[in-house]
Protein chains: 2
Amino acid sequence: MKIKKDTKAEILKASKELFSQKGINSTGMRDIASIVGIKQSAIYNHYKNKESIVNAVIDDLFLHTLPQEKDIALASKGKSFLRDYIVEFKILCFDKAREKEFKIVMKELYNHEKIRNDFKELVYGKHLKYLSKVFFTMMQDNLIKSSDPYQLSSEFFSHLLMLKFEITLFKLDDDTQIKFTNLFEKHLDFFWENISL
Amino acid sequence: MKIKKDTKAEILKASKELFSQKGINSTGMRDIASIVGIKQSAIYNHYKNKESIVNAVIDDLFLHTLPQEKDIALASKGKSFLRDYIVEFKILCFDKAREKEFKIVMKELYNHEKIRNDFKELVYGKHLKYLSKVFFTMMQDNLIKSSDPYQLSSEFFSHLLMLKFEITLFKLDDDTQIKFTNLFEKHLDFFWENISL
DNA sequence: GTCTATATAGCGATAGAC
DNA sequence: GTCTATCGCTATATAGAC
């Protein structure tokens, strides 16, 4: 096995870690370098400046924050479709790498315009609209009561977002993980009971 | 009318403004001083250091972020109690001073331990429990279906929090204000229809 | 109470030796 | 590609004149 030291990748990894802990502004080039095991000035052989590191981190910040958008036709499965969605959402909540990314987003949401715009586009411009289509499909299949699909997606999603928010705010031991798993299930039951025909 | 220049109060006000715009770490003593109209070093005649300014700002950060907790007995009014609650919540969302405070909280939630703990205590330790009592009362009065009161408060509150979140993320012109007012009302209708007997 | 001047430390970034 | 050394700038905080 060849051991190839990819310094550029290590810089990116260390930056991600530090950005999620201390925020972008409070992370110095010296902090990053010390984790990688090089001197501060050596970073500039791999990245032009700090901003280009930040951009590299941002680039794969939103790749896996939300469940993958499945074929809308699968929405005809009804409650089990939503259960699959929530399970995937929950896994992302407890994923260490995803948690770090989410912390970066939360920390920089009001400081960094690109992160804010990417977040808005992902959640409001894309994902809530996807969920709207899901609920619209369920209405056409007479699985749920007829109402405003976007409102349903918003009601459905907001509680998941609050749980994710809670998970990152509170320390995660095994007990709380079980507790939250239970809360996800209860949300599904509550929501489905209220919308289903 | 006596014009009394209360420099200490002006420092606090300027700090609040700047903290909400740029965050605590990115706000310099020079920035604060320049708004007040004094030199940076003069601040130290009023506050020992930057930390004491931060603490002063934090002290009244959570005084008016959430609706006032009313007498639980009033919960017997049912839907109109929740409507009053939401109206008060909505007013706080559109209040300029409250919006600034909320931005500070959001910016510092993952950076500043005291702000994070105060926020957790207010929302999870206090307010959601208050709302639980509200829904428990409604159950006793046979106004709503019997279920877990804490889950109801969480389902009720999460969507309001997401709307508040949205309001601070998006630019606020008159159109969006009307749009959000409508969304608050729709949430109430959706929620009440689902829980009421 | 405010000013100027300064101490001390940190930041991002560059130059040039190896 | 990494190092040492350094530049220019900004930060918080202090000392002492007025």
Side-chain angles (χ1 to χ4, degrees), chain A residues 1-59 61 103-104 107-108 110-115, chain B residues 1-59 61 103-104 107-108 110-115:
Chain A
M1 185 171 136
K2 191 164 67 171
I3 297 178
K4 192 190 164 208
K5 263 195 67 170
D6 189 344
T7 309
K8 184 162 184 170
E10 284 179 38
I11 291 170
L12 193 63
K13 196 185 162 197
S15 301
K16 247 184 172 171
E17 178 65 38
L18 287 169
F19 289 172
S20 80
Q21 281 175 23
K22 321 201 297 174
I24 293 175
N25 276 346
S26 302
T27 297
M29 302 296 266
R30 286 166 181 84
D31 301 323
I32 299 168
S34 108
I35 289 187
V36 178
I38 55 176
K39 294 294 172 186
Q40 176 243 150
S41 58
I43 293 180
Y44 292 87
N45 289 312
H46 304 277
Y47 289 94
K48 192 196 160 204
N49 50 26
K50 185 178 175 180
E51 194 193 352
S52 69
I53 298 180
V54 172
N55 287 333
V57 171
I58 292 176
D59 272 344
L61 205 53
K103 270 196 182 178
I104 296 177
K107 276 175 192 286
E108 307 300 334
Y110 292 98
N111 298 323
H112 199 286
E113 199 185 350
K114 179 160 168 41
I115 291 180
Chain B
M1 185 170 135
K2 190 164 68 172
I3 298 178
K4 192 190 163 208
K5 263 193 68 170
D6 189 344
T7 309
K8 184 162 185 170
E10 284 180 37
I11 292 171
L12 193 63
K13 196 184 163 197
S15 301
K16 246 184 171 171
E17 179 65 38
L18 287 169
F19 289 171
S20 81
Q21 282 175 21
K22 322 201 296 174
I24 293 175
N25 276 346
S26 301
T27 298
M29 302 297 263
R30 283 174 182 82
D31 301 324
I32 299 168
S34 109
I35 290 186
V36 177
I38 56 177
K39 295 295 173 185
Q40 175 241 149
S41 59
I43 292 180
Y44 293 86
N45 289 312
H46 304 278
Y47 290 94
K48 192 197 161 203
N49 49 28
K50 186 178 175 179
E51 194 193 351
S52 70
I53 297 180
V54 172
N55 287 332
V57 170
I58 292 177
D59 273 345
L61 205 54
K103 270 196 181 176
I104 297 176
K107 275 175 193 287
E108 307 299 335
Y110 291 98
N111 298 324
H112 200 288
E113 199 186 350
K114 179 160 167 42
I115 291 180

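The analysis underlying the following values was restricted to heavy atoms, covering all of them including side chains, and did not include hydrogens, waters or symmetry mates. In what follows, every chain begins at residue 1, and chains take the letters A, B, ... in the order their sequences are listed.
For DNA chain C, the residues of residues 14-29 of chain A within the heavy-atom distance limit of 4.0 Å (strictly under) are T27(A), G28(A), M29(A), sorted by number. For residues 47-57 of chain A, proximity to DNA chain C is found at N49(A), K50(A), defined as any non-hydrogen atom under 4.0 angstrom from a strand atom.
Both H46(A) and Q40(A) lie close to DNA chain D; mapped to their nearest nucleotides by heavy-atom distance, the more 5′-ward contact belongs to H46(A).
Checked by distance alone, R30(A) brings no side-chain donor or acceptor within 3.5 Å of a matching partner on the base of dG10(C).
Put simply, the side chain of K107(B) gets close to the backbone of Q21(B): a donor and an acceptor are under 3.5 Å apart. For K16(B) (side chain) and I104(B) (main-chain N/O), no donor-acceptor pair under 3.5 Å exists by modelled atom type. A donor-acceptor contact shorter than 3.5 Å links the side chain of E108(A) to the backbone of I24(A).
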Scan nucleotides 16-18 of chain C against the protein and return all N/O pairs shorter than 3.5 Å with their distances rounded to 0.1 Å.
none

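The distance from atom CD1 of I38(A) to atom P of dG1(D) is 11 Å, rounded to the nearest whole Å. Nucleotide dA7(C) holds its P atom 17 Å from the OH atom of Y44(B), rounded to whole Å. In this structure, CD1 of I43(B) is placed 10 Å from P of dC3(C), rounded to the nearest angstrom.
Residue contacts shown for S41(B) include a base, since a base heavy atom lies under 4.0 Å away.
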